[in-house]
Q: 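Below you will find the structure I want to go over with you.
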Amino acid sequence: MDTIESLGYLKGLIDGLELDENSKEAKIFKAVCEVLDNLTDDVCELADEIDDLNDEIDIMDEDIADLEDYVYDDDEDDDDWDDDDEYEEYAVECPNCGEEFEVDEETLLSGSVECPNCGESLEFEFDAEEDEDEE
């Protein structure tokens with residue numbers, strides 16, 4: 001039984017008592033039923049508003065999914081990013097302060113980087129022949 005049905009059942013039980021409407025008990029039961037009726041109306045209104053909000057959230061969720069598809073679309077025609085453009089990460093230890101950090105291949109190939117801890121300029125030597133031998 002839902003709340004509205006339960007309230008109707010309770011009102012029927014009270015009416016079945018056949019109390020004198022002028023008695024204190026009848027007035028109390030009537031007042032309690034009015035409060036319960038108001039609470040039931042409030043709960044029903046809140047449930048309807050929650051349903052409306054859930055519908056709006058579903059619509060926004062679909063819109064966000066469409067937007068994500070548009071923004072993050074991985075078309076094969078998109079040549080902005082190739083697998084060849086990916087760089088490996090290399091661990092570097094600063095000889096001055098001992099700080100360990102990572103640099104990407106592009107930074108390594110540029111020849112130098114500053115230590116994020118102490119600011120020491122670290123120089124890298126890159127031998128192209130060694131790189132070709134590894135391939």
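No hydrogens, no waters, no symmetry mates; every other heavy atom, side chains included, goes into these values.
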Q: Once rounded to the nearest 0.5 Å, what's the spacing between atom CD of Glu93 and atom CG of Leu122?
A: 10.5 Å
Q: Side chains of Glu68 and Val71, heavy atoms from C-beta outward: is any pair under 4.5 Å?
A: no
Q: Under 3.5 Å, which donor-acceptor pairs do the side chains of residues 109-120 form with other protein atoms, sequence neighbours left out?
A:
from	atom 1	to	atom 2	distance (Å)
Ser110	OG	Thr107	O	2.5
Ser110	OG	Ser112	O	3.4

Q: Could you list the donor-acceptor pairs under 3.5 angstrom formed by side chains in residues 9-34, with sequence neighbours left out?
A:
from	atom 1	to	atom 2	distance (Å)
Ser23	OG	Asp20	O	2.8
Ser23	OG	Ala26	N	3.2

Q: When rounded to the nearest 0.5 angstrom, what distance separates CG in Asp37 from OG1 in Thr3?
A: 11.5 Å
Q: I'd like to check Tyr90 versus Glu102 (side-chain heavy atoms, cut-off strictly below 4.5 Å). Are they in contact?
A: no
Q: Output a table of donor-acceptor pairs, distance under 3.5 Å, between side-chain atoms of residues 40-52 and any protein atom two or more places apart or on a different chain; print 'none' if there are none.
A:
from	atom 1	to	atom 2	distance (Å)
Thr40	OG1	Leu36	O	2.8

Q: At what distance, to the nearest 0.5 angstrom, does CG of Asp61 lie from CG of Asp66?
A: 9.5 Å
